[in-house]
Number of protein chains: 2
Amino acid sequence: MTTSADFQQMLRGAALRVTRPRVAVLGAVHAHPHADTDSIIGAVRAELPDASHQAVYDSLRVLTNAGLVRRIQPAGSVARYESRVGDNHHHVVCRSCGAISDVDCAVGEAPCLTASDDNGFSIDEAEVVYWGRCPACSGSEAGSF
Amino acid sequence: MTTSADFQQMLRGAALRVTRPRVAVLGAVHAHPHADTDSIIGAVRAELPDASHQAVYDSLRVLTNAGLVRRIQPAGSVARYESRVGDNHHHVVCRSCGAISDVDCAVGEAPCLTASDDNGFSIDEAEVVYWGRCPACSGSEAGSF
DNA sequence: CCCTTTTTCTGAACGAGTCAAGAAAACAGT
DNA sequence: ACTGTTTTCTTGACTCGTTCAGAAAAAGGG
């Protein structure tokens with residue numbers, strides 16, 4: 001388990017000012033992987049009832065830029081955040097309920113990074129999203145349309 | 001070049017009613033790959049000045065569900081549409097200007113489809129987005145921040 | 001402890017996309 | 001062709017995630 005002091009440490013390590021909203025946001029992202037901004041606002045307010053939504057948006061942006069959290073946004077979804085950073089991992093997204101799970105890089109050494117033809121682009125990241133149905137949704141046929 | 005009659009054919013083939021907005025939208029998507037909805041509305045109105053934005057939104061949804069066009073939406077971007085469907089191809093997105101290019105599937109037989117651990121999900125598609133800088137943006141250092 | 005800079009708060013604003021109800025158009029059957 | 005039914009289009013309002021702006025508060029170096 002990660003403590004508040006650890007989060008302060010992480011902020012300082014990234015040369016960021018340590019503020020209560022930031023610590024709370026960092027804690028919320030660690031506690032609720034793949035949570036959307038609204039859930040994070042809720043989690044932050046459990047601890048800091050008067051935190052503004054703007055502070056949460058600002059903190060998330062700062063933390064994302066600093067590399068302390070990662071922002072993901074599958075098509076058709078709102079922004080979601082996770083604390084697992086630095087490892088090149090991907091996600092499975094349920095088409096039916098939107099549930100997200102982590103997936104380690106399919107092939108050992110990030111082969112997806114090699115596009116067959118990069119059109120002259122200089123590529124620095126390959127993002128993979130697997131689409132399907134989560135166990136719950138593939139069991140019940142509801143929503144399969 | 002694809003003609004209006006071809007588009008009507010495609011609509012009938014998909015068991016969809018042939019309407020002028022739909023034909024125009026299909027034409028616009030074919031003419032402007034990776035265009036966003038607003039650009040498509042503009043292109044449609046060049047031919048059908050009184051088309052409503054709602055008709056375009058509706059048509060795009062119908063065409064997407066029918067598999068006649070494909071909707072893509074890289075994180076942080078609005079929805080974009082393309083007419084290249086059925087082949088499992090991917091995209092390179094410029095972090096700086098948002099330009100998008102097509103990329104054929106990196107490895108011959110869609111290996112990315114095999115997640116290392118699917119968490120019990122039944123996966124039906126693997127979407128790959130390559131992030132980087134387009135030739136123009138990697139040349140000029142502007143925007144690299 | 002003070003000062004400057006950065007961050008947060010309040011509240012308004014924005015924009016892509018959706019919802020709803022009535023009018024118009026498509027197409028199957030006669 | 002004409003009619004009737006169903007689908008689609010138009011108009012206009014509206015939602016919701018996110019951002020903008022200015023004033024107030026807090027962080028951290030000297």
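Order of the sequence lines sets the chain letters (A, B, ...), proteins ahead of strands, with each chain counted from 1. All values below come from the heavy atoms of this structure, side chains included, with hydrogens, waters and symmetry mates left out.
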Quick note, B:Tyr57 side chain, CB onward, closest among C:dT18, D:dT18, C:dC9 is C:dT18

What I want to find out is whether A:Arg45 reaches A:Asp50 closely enough, with some N-O distance under 4.0 Å, to be called a salt bridge. no

Any N/O donor-acceptor pair, A:Arg22 side-chain to C:dT7 base, under 3.5 Å: no

B:Leu63 CG - D:dT8 C1' separation (whole Å): 13 Å

Worked check of side-chain contact (heavy atoms from CB on, under 4.5 Å) between B:Arg22 and B:Gln8: CA-CA 9 Å; B:Arg22 285 179 181 176; B:Gln8 298 183 21; over 6 Å; no

Touch check for A:Val18, heavy atoms < 4.0 angstrom, all strands: base, sugar-phosphate only, or nothing? sugar-phosphate

Measure from CG on B:Leu11 to P on C:dA26 and round the result to the nearest Å. 12 Å

Quickly work out the A:His53 NE2 to C:dT7 P distance and round it to whole Å. 18 Å

Could you tell me whether the phosphate oxygens of C:dG17, OP1 or OP2, come under 4.0 Å of any side-chain nitrogen or oxygen in B:Thr37? yes

Could you tell me how far apart A:Arg20 (CZ) and D:dG28 (P) are, to the nearest whole angstrom? 13 Å

How is A:Asp50 classified with respect to the nucleic acid when contacts are heavy atoms under 4.0 Å: base, sugar-phosphate, or nothing? sugar-phosphate

Once you round it to whole Å, what is the distance between C1' of C:dG11 and CG of A:Asp58? 15 Å

Using whole Å, report how far CD of A:Gln54 lies from P of D:dC20. 9 Å

Using heavy-atom distances to pick each residue's nearest nucleotide on DNA chain C, tell me which of B:Arg12 and B:Val78 is more 5'. B:Val78

DNA chain D nearest-nucleotide lookup for B:Arg17 and B:Pro21: closer to the 5′ end is B:Arg17

Pair B:Asp124 + A:Arg95: basic N to acidic O under 4.0 Å: yes

Distance in angstrom units between A:Leu16 CG and C:dT5 P, rounded: 19 Å

Salt-bridge present (B:Asp104, B:Arg84; N to O < 4.0 Å): yes

Is the shortest distance from a Lys or Arg side-chain nitrogen in A:Glu47 or A:Arg20 to a carboxylate oxygen in the other one below 4.0 Å? no

I need the CG-C1' distance between A:Asp38 and D:dC16, as an integer number of Å. 10 Å

Can you tell me if B:Thr19 touches the phosphate of D:dC9, counting only side-chain N or O atoms and a distance under 4.0 Å to OP1 or OP2? yes

